[in-house]
Peer 1: 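Quick one: this structure, given as structure tokens, is what I'll be asking you about.
In what follows, residues are counted from 1 in the order of the sequence shown.
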Amino acid sequence: MAAELTSTKLNAENHLLLDQPLLRLPHELARKNFKSVQRVVEREKEHILPALKEAHSASLSNDQAADQTLVALDAMISRMQGLKRKMEGLHQEEKKIHGQSRKRIQHLESLHQIHSLADVKYDQWARVRLDRLVADHMLRSGYTESARHLAQDKDIEDLVDLNVFIQCQRIAESLRRGETKDALQWCNENKAALKKSQHNLEFELRLQQYIEMVRTGDKGKLVEAMAHAKKFLAPYIETQSTDIHRAAGLLAFPWDTKAEPYKSMYAPDRWAYLSDLFVRTHHELLSLPSRPLLHIALSAGLSALKTPSCHSAYTSSSSNSLSTTTSVCPICSTELHELARNMPYAHHTKSYVESDPIVLPNGRIYGQQRLLEMSEKVGCVETGKVKDPTTGEVFEESEMKKVYIM
């Protein structure tokens with residue numbers, strides 16, 4: 001009875017290991033929004049305070065400048081009204097992020113109110129998580145409308161990062177079409193955070209702009225390309241010296257050159273590379289896992305069930321005509337068999353074996369008494385012989401060898 005209770009007890013902390021990104025993303029979005037507020041306030045402060053001081057001084061020193069002072073004050077008021085509108089928009093965004101965080105915390109907190117895996121409430125919670133993982137996988141695969149409909153139908157819109165992935169997909173697609181404008185704008189908005197990134201996205205985008213200028217072969221464009229390199233590529237000389245030197249050498253080679261590395265720099269595949277690089281950088285900045293959570297959960301589940309016999313040549317299954325048993329193992333199923341092939345085997349701390357194990361000549365181990373009873377029930381082997389229930393091979397009883405567990 002105690003063992004049964006232990007096996008059905010729910011460990012909430014272990015379950016929530018997979019759900020860390022659920023709270024990380026709102027935190028990163030809130031931090032980003034706060035940084036935006038800081039930038040807006042600092043920018044307006046740098047403009048308003050000197051202008052106010054100048055208007056004050058002018059009004060004291062010259063009575064005839066009253067009209068100019070009023071004009072300056074009207075301009076400052078208009079600017080502050082614009083600041084107010086921006087701050088209201090950022091405030092609404094902050095409220096939206098906080099509301100989303102509240103819903104996610106409540107969803108995760110509800111798991112701590114469930115104490116047993118057999119509780120019907122756990123099935124309901126697990127179903128919501130599965131819907132989240134499926135929606136996340138759809139968004140990463142580009143099926144944004146399908147993900148949106150699923151989230152709306154299941155009422156999990158606050159638990160799914162629709163807008164974040166839609167923006168990510170939009171910019172990634174623009175790069176695949178050969179456009180850098182949206183990606184560079186995103187880099188400008190996240191300039192401070194990108195300084196800590198391990199990816200050099202902005203440099204690669206500027207390099208691609210340079211390549212497209214050189215590709216034309218037009219003299220005017222070549223001069224423009226050199227000015228572009230001096231302005232945008234030269235600042236990276238300490239960290240990207242090899243790529244910058246190659247970019248300089250590109251001026252001497254036409255777009256159809258066969259010489260490397262210039263052929264690869266001109267290749268259209270670079271746009272796909274830039275798109276993938278943007279997605280990796282985007283996910284890194286927002287603390288999103290590089291792989292879909294559905295893949296991670298599925299990999300963990302497959303590995304937990306997989307044993308060496310699952311991918312044996314003699315696996316018990318309905319497709320093995322020699323087998324006298326049928327496997328109900330998910331890993332051995334047609335749908336998951338190949339998917340689990342590269343997964344590690346499960347780690348079992350306890351082993352349960354028969355009290356009288358023997359090994360057959362083919363290396364397979366069974367309990368002796370149960371093997372003899374099964375061979376007798378089959379009734380298709382001669383007296384003194386036994387049949388391997390998995391492979392269908394027949395051996396002499398004398399060929400069985402006693403096994404001692406160490």
Side-chain angles (χ1 to χ4, degrees), residues 10 12 15-33 36 88-114 117 119-177 182-183 185-186 189-190 275 278-280 282-301 335:
L10 188 147
H15 278 66
L16 296 182
L17 288 175
L18 190 65
D19 294 301
Q20 292 181 17
L22 195 65
L23 295 182
R24 283 180 180 174
L25 182 60
H27 172 74
E28 291 298 329
L29 292 177
R31 184 183 61 79
K32 180 181 176 182
N33 192 72
S36 298
E88 287 175 348
L90 291 169
H91 179 60
Q92 291 300 319
E93 181 65 20
E94 184 179 13
K95 286 176 63 178
K96 180 180 177 182
I97 294 171
H98 284 222
Q100 192 178 61
S101 296
R102 188 179 302 107
K103 290 288 185 64
R104 297 184 178 203
I105 291 172
Q106 290 172 353
H107 169 66
L108 298 179
E109 186 180 15
S110 64
L111 186 65
H112 289 270
Q113 312 302 321
I114 305 171
L117 296 172
D119 193 327
V120 67
K121 291 182 180 179
Y122 174 74
D123 291 338
Q124 296 170 352
W125 189 92
R127 173 56 62 179
V128 172
R129 178 165 70 170
L130 179 59
D131 291 334
R132 286 197 299 104
L133 298 186
V134 172
D136 174 80
H137 185 266
M138 286 180 175
L139 288 168
R140 290 171 182 266
S141 302
Y143 302 109
T144 53
E145 284 304 310
S146 297
R148 187 194 302 276
H149 287 307
L150 175 62
Q152 291 174 348
D153 184 58
K154 300 296 183 180
D155 194 24
I156 55 172
E157 292 176 280
D158 287 321
L159 306 181
V160 178
D161 308 305
L162 285 168
N163 293 334
V164 170
F165 280 103
I166 288 174
Q167 181 197 41
C168 178
Q169 287 293 332
R170 178 178 59 80
I171 298 176
E173 286 299 322
S174 71
L175 286 171
R176 290 186 181 275
R177 292 194 304 267
D182 291 340
Q185 182 179 350
W186 183 85
E189 293 172 356
N190 298 274
S275 179
F278 166 74
V279 172
R280 292 199 300 271
H282 175 272
H283 290 0
E284 179 191 271
L285 257 61
L286 295 181
S287 299
L288 291 169
S290 57
R291 295 174 58 200
L293 291 175
L294 183 64
H295 288 186
I296 298 174
L298 186 59
S299 298
E335 295 80 7

Peer 1: Are side-chain heavy atoms of H137 and H295 found at a separation under 4.5 Å?
Peer 2: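 Yes, close enough: below the 4.5 Å cut-off.
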Peer 1: Closest approach of K96 and N163, non-hydrogen atoms and distance?
Peer 2: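 Smallest heavy-atom distance, with atoms named: NZ-ND2, 3.1 Å.
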Peer 1: What distance separates F278 CZ from D182 CG, expressed to the nearest 0.5 Å?
Peer 2: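 The distance works out to 9.0 Å.
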Peer 1: Counting C-beta onward and ignoring hydrogens, is there a side-chain heavy-atom pair between C168 and H283 closer than 4.5 Å?
Peer 2: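 A side-chain contact under 4.5 Å exists here.
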Peer 1: To the nearest 0.5 Å, how far apart are CD in Q100 and CG in L23?
Peer 2: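 Spacing of CD (Q100) from CG (L23) equals 10.5 Å.
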Peer 1: Can you find a pair of side-chain heavy atoms, one from S101 and one from H98, that are under 4.5 Å apart?
Peer 2: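 A side-chain contact is absent here, since even the closest heavy-atom pair is not under 4.5 Å.
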Peer 1: Quick one: pull up CD in Q106 and CG in L159 and give me the separation to the nearest 0.5 Å.
Peer 2: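 If we round to the nearest 0.5 Å, Q106:CD and L159:CG are 10.0 Å apart.
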Peer 1: Between R291 and S299, what is the shortest heavy-atom contact and its length?
Peer 2: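 Heavy atoms only, the tightest pair is NH2-OG, 3.4 Å.
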Peer 1: Taking the side chain as C-beta and beyond, is there a heavy-atom pair between W125 and L108 under 4.5 Å?
Peer 2: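 Yes - at least one pair of side-chain heavy atoms lies under 4.5 Å apart.
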Peer 1: Please determine whether side-chain contact (heavy atoms from CB on, under 4.5 Å) holds for the pair D19 and R129, giving the CA-CA distance in whole Å, both sets of side-chain angles, and the decisive distance to 0.1 Å.
Peer 2: CA-CA 9 Å; D19 294 301; R129 178 165 70 170; 3.4 Å; yes
Peer 1: Name the residue from L139, L133, V134 that meets the side-chain contact (heavy atoms from CB on, under 4.5 Å) definition with V160.
Peer 2: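 It is L139, the one option of L139, L133, V134 that forms the side-chain contact (heavy atoms from CB on, under 4.5 Å) with V160.
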Peer 1: Report yes if some heavy atom in the side chain of S290 is under 4.5 Å from a heavy atom in the side chain of E284; otherwise report no.
Peer 2: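 With C-beta onward as the side chain, the pair stays apart.
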Peer 1: Is the H149 to Y143 ring centre distance short of 6.0 Å?
Peer 2: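 Distance test on ring centres: not under 6.0 Å, no.
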Peer 1: Please, which pairs that meet salt bridge (Lys or Arg N to Asp or Glu O under 4.0 Å) have at least one residue in residues 135-144, sequence neighbours excluded?
Peer 2: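 For residues 135-144, and leaving out neighbouring residues, the salt bridge (Lys or Arg N to Asp or Glu O under 4.0 Å) pairs sorted by first residue read D136-R140.
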Peer 1: Given side chains that start at C-beta, do those of R132 and H107 come closer than 4.5 Å, heavy atoms only?
Peer 2: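 With C-beta onward as the side chain, the pair touches.
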Peer 1: Salt bridge between E145 and R148, side-chain N to carboxylate O under 4.0 Å?
Peer 2: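 R148 and E145: salt-bridged.
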Peer 1: Minimum heavy-atom separation for S36 and L90, please, with both atom names.
Peer 2: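 Nearest pair, atom of S36 first, then L90: CB-CD2, 4.1 Å.
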Peer 1: At their closest point, which heavy atom of L162 faces which heavy atom of A151, and how far apart are they?
Peer 2: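 In terms of heavy atoms, the two residues are closest at CD1-CB, 4.3 Å.
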Peer 1: Less than 4.5 Å apart, any side-chain heavy atom of R176 and any of E173?
Peer 2: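 Yes, at least one pair of side-chain atoms sits under 4.5 Å.
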Peer 1: Hey, is CZ on R102 packed in by over 12 heavy atoms from elsewhere, all under 6.0 Å?
Peer 2: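 No, not enclosed.
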Peer 1: What I'd like to find out is whether the side chain of K32 reaches to under 4.5 Å of the side chain of N190, using heavy atoms alone.
Peer 2: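 They are in side-chain contact.
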Peer 1: Calculate, to the nearest 0.5 Å, the distance between atoms CD and CD1 belonging to Q169 and I166 respectively.
Peer 2: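 That separation rounds to 9.5 Å.
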Peer 1: How many angstroms lie between atom CG of L29 and atom CG of N33, to the nearest 0.5 angstrom?
Peer 2: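 Interatomic distance, L29 CG to N33 CG, rounded to 0.5 Å: 8.5 Å.
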Peer 1: Any idea which heavy atoms bring S275 and L175 closest together, and the distance?
Peer 2: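 Answer, listing the atom of S275 first, then L175: CA-CD1, 3.9 Å.
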Peer 1: Are R104 and D158 close enough for a salt bridge, meaning some N to O gap below 4.0 Å?
Peer 2: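 No, R104 and D158 are not salt-bridged.
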Peer 1: Just say parallel, tilted or perpendicular for the rings of W186 and H282, cut-offs at 30° and 60°.
Peer 2: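 The rings of W186 and H282 sit tilted, inter-plane angle from 30° to 60°.
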Peer 1: For residues L293 and P21, report the shortest heavy-atom separation together with the two atoms involved.
Peer 2: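 What the structure gives for the nearest pair is CD2-CG, 4.3 Å.
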Peer 1: Rounded to the nearest 0.5 Å, how far apart are CG of L150 and CG of D155?
Peer 2: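 The CG atom of L150 sits 11.5 Å away from the CG atom of D155.
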